[in-house]
Each structure stands twice: as structure tokens, then as C-alpha cells.
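Each ligand, and each atom within it, is numbered from 1 in the order the structure gives.
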Amino acid sequence: MFFRITKSLVIVLALAACSAPKKMAKTDTGTTDSLKAHINYLADDKLEGRRTGTAGELLASQYISSKFLSIGLLPKGSSGYVQPFEVNEGKIIGPGTKFSFDGEHLTAGADFFPFPYSANVKMEAMPSIAVQEADMPWFFDLKDVLEENKSNPHFDLKDYIRTNAKKAKDKGASAVILYNTSAADDKLAFDGKDRTEMLSIPVIYLKKEIAGKYLSDPSSTIKIFLSVDVTEKKRTGANVVGYIHNGAANTVILGAHFDHLGYGEDGNSRNTSKVPAIHNGADDNASGTAALIELARKLKASKAKNNNYLFIAFSGEELGLYGSKYFTEHPTIDLKTANYMINMDMVGRLNDSTKTLTIGGYGTSPGWPVFSPTAYRMPNDNKIMPTLNIKIDSSGTGPSDHTSFLQKRYSGVILFYRAAHRLPHPK
Ligand SMILES: [Zn+2]
């Protein structure tokens, strides 16, 4: 869709993207103070890093909702300003997972674990350890295959186990019970991120000490009780969505994610210390969220009425764009009327020497040449932003929420993104 971008919108975005300048026009101190206040609140330790699904994320969403309300935005979530969505954290070993040998109970996780693709079943059986009978659990020692493949870099043990468990099922096994009596470290562990298709039988791994204690005599039979309970762990996050209705045919979507990494529990932190620490996320992305709020205030007060404006503070971004994906699949406006989408991520800290800001998504629409470096650079007599350098990137896909919109092909997307930062975007 072809579109026009007003100069005022560009300047407001540029202003929002600028780190605190030394000289400031009097009329802009209010905006700068507000930007700082938003960032100070969102990045405060009290919010504990705004991890999706936590109390800190809730406080952040309540703060953004209250600002949208005071600015006079219409609520455009699914419940007031908020739009809750579920995040699937992967699989966990549920409390119903149990295993006993001859009445002696083992501890799930410590003594044994089911593979995540195991069928959730309960069974009692009296198998012979060395004999593979129909409708009985089959035991496998991984010793031979590990030794045979110890210098084979292409050997994939997980794939081997899954493939052979399937074969065993086809030959009549009611369960597969694996163990490893070799000296080789098999590195097997429960992997909650394993999304492979479920099998129709359970596949269990026994730790070495347990196998040594109960399975050392292959000629024996043993009474087993097995119950598998592998479940999905879910938590709920929420986008915050506000709207300016100008009665226009088209709507401009402006977005920034407000979630961050919490204490780094999701494994997406670069903190190498063993001590958990709050990841405050002032730049990533309290900065973009603050810009979003102030942009809403400016546009609500402005005479720009040619578009409607939708403001979305996304959550779930750090976990994999969950909030924006959910929004594009459950939009609260007709996305066919969306003119374009502008996303702001890490706009709060420019590299001191290069003072460069990246604008991504330049190639996603023929309408974007308005963002040429010369058009964007502030004139020298403008005290707000004298020396901002713009780096243009034509690709509209990248590790932030604009990608969800581009994938839906509704409109051109633009990402404002801090360039020349030394570390890649957390993912
Ligand atoms: Zn980010």
C-alpha cells in the first residue's frame, strides 16, 4: 500500500530516538522529562526486568495502560487496553510421572526421566530384562551404540533413540526403557524444548546408578510400575493496545515491546555470572516503550487526522515475538486497513562516537524513501538533534515485532533500532 508519512511523525520519532541532548529547546523539555520518567519506572528494580508472565510485567502493563488512559487513547485490546496471550514454555515432567522397580519408588528427574515425546500412559508389567516380548516394556543398554559411534561426529544419539523407539513400538514393545552402562557420557537429559511428534508408547531413561542396582542381572524378571505425565508449561503475557480514531480510512500501527529478560530465567541472558541479576532493560526496550507513549501524546494533540493510530506495547518479544504474533493472528482492528507499521526497539542509547541509528525495513514498501538520510538529518540550527547519523537497512525481517507484521504482508514495516551497539540483539 502506498502511503505518506507526515514530517511531524518523523520528527517525533527522531526525537524519541535521541539520547538526552546537551542543549534542549524549552518546548521539548516536557517530552524529555516524560521519556525519562517512563524509562525510570519501567527499568526500576521493582519491575524485576519485566519478564513475560511475571508481576513485573503486570506492573509495566498497568503503567502503560494508565498512560494511554490519561492521554485519551481508546482501549483497543481484547479486555480494555490489554490483550492477554499464552506463552508455551515447553514441556515439563508432570507430578503424575512415577516409576517403581519391585515396589521401590524412583524419583522423577533424578533417577529417571521420560523423553518429551513419550505417550502419557500408566502400566504395570513383569518383563524379563533380556527378552523382548510383545506387549511388554523393552530394555536397551546404549553401551554398544555409544562405543561404536564414539568417533563418529555425525552420530545423533537423540535421533537414534527416537527412531529405534518407533521401530520397537512397531515390533510390539509397550514401552522402551533405556540405560547406559558404558563409561561414555551420553549427555541425555529431559529437553522441554523438544517439539518432535508424540509417540504412542513411553520412552524412559534410567540413570546409571539405578540401572546398576536393578538391571545388573539380564536373566531376571522385574516388576515395574510406570506412569508418564509429560505436560505443557504455559504462562500468560499481555499486550497493551490503545487507539486514536480520526474517522480515517487507514490506520498507522506504532509498536514497541515492553517486556525484558527478568532475571534471565529463560536462558536468553548474556550474564555469565552464576548469581541471578535483574536485567533492567532500560534500552531494550523501556526506551521504545517510552517513545511509544510520548508519540501517542503528540499524535493525540496534533492536527494529523489523515490516519487513525494504533499503539501497541508488545509483551513476549524476548521469548520469540509472542505478543506481536498473537496480535497479527487476533487483530483488534481490520488489518486490511493498516497503512504501515513502525516498530521501535532499543532506541534509547546511541553509540557515542558514531551516533548512528538504524532504520530497517526500508525495502518493504516503495513509500519509504521519505527516510533518506538527508531528509532525516536534523538541520544544524535545530538544538534537539544536531548530529544523528542514519543507517538504512532494506530488510524488514529481524529479531523484533515488526517481523510478525511483515510475515502477514499487511503493510510496509519500519524498525527504528540502535545501530553500532557492540552486542547483538538478545535472542
Ligand atoms: Zn528488544
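Seen from the Zn ion (ligand 1), atom NE2 on H257 and atom OD2 on D345 lie at an angle near 90° (rounded to 10 degrees).
We find that R51 and D266 are joined by a salt bridge, their nearest charged nitrogen and carboxylate oxygen being less than 4.0 Å apart. Using a 4.0 Å cut-off between charged nitrogen and carboxylate oxygen, K150 and E147 do not count as a salt-bridge pair.
Within the coordination shell of the Zn ion (ligand 1), defined by N, O or S atoms under 2.8 Å, E318 is absent. At a threshold of 2.8 Å, the Zn ion (ligand 1) has no backbone or side-chain N, O or S atom of H260 nearer than that distance.
With hydrogens and angles disregarded, no donor-acceptor distance shorter than 3.5 Å links the side chain of S315 to the backbone of G323.
A distance of 6.0 Å or more separates the ring centres of H105 and F225.
The Zn ion (ligand 1) is closest to atom OD1 of D284 (considering only N, O or S atoms).
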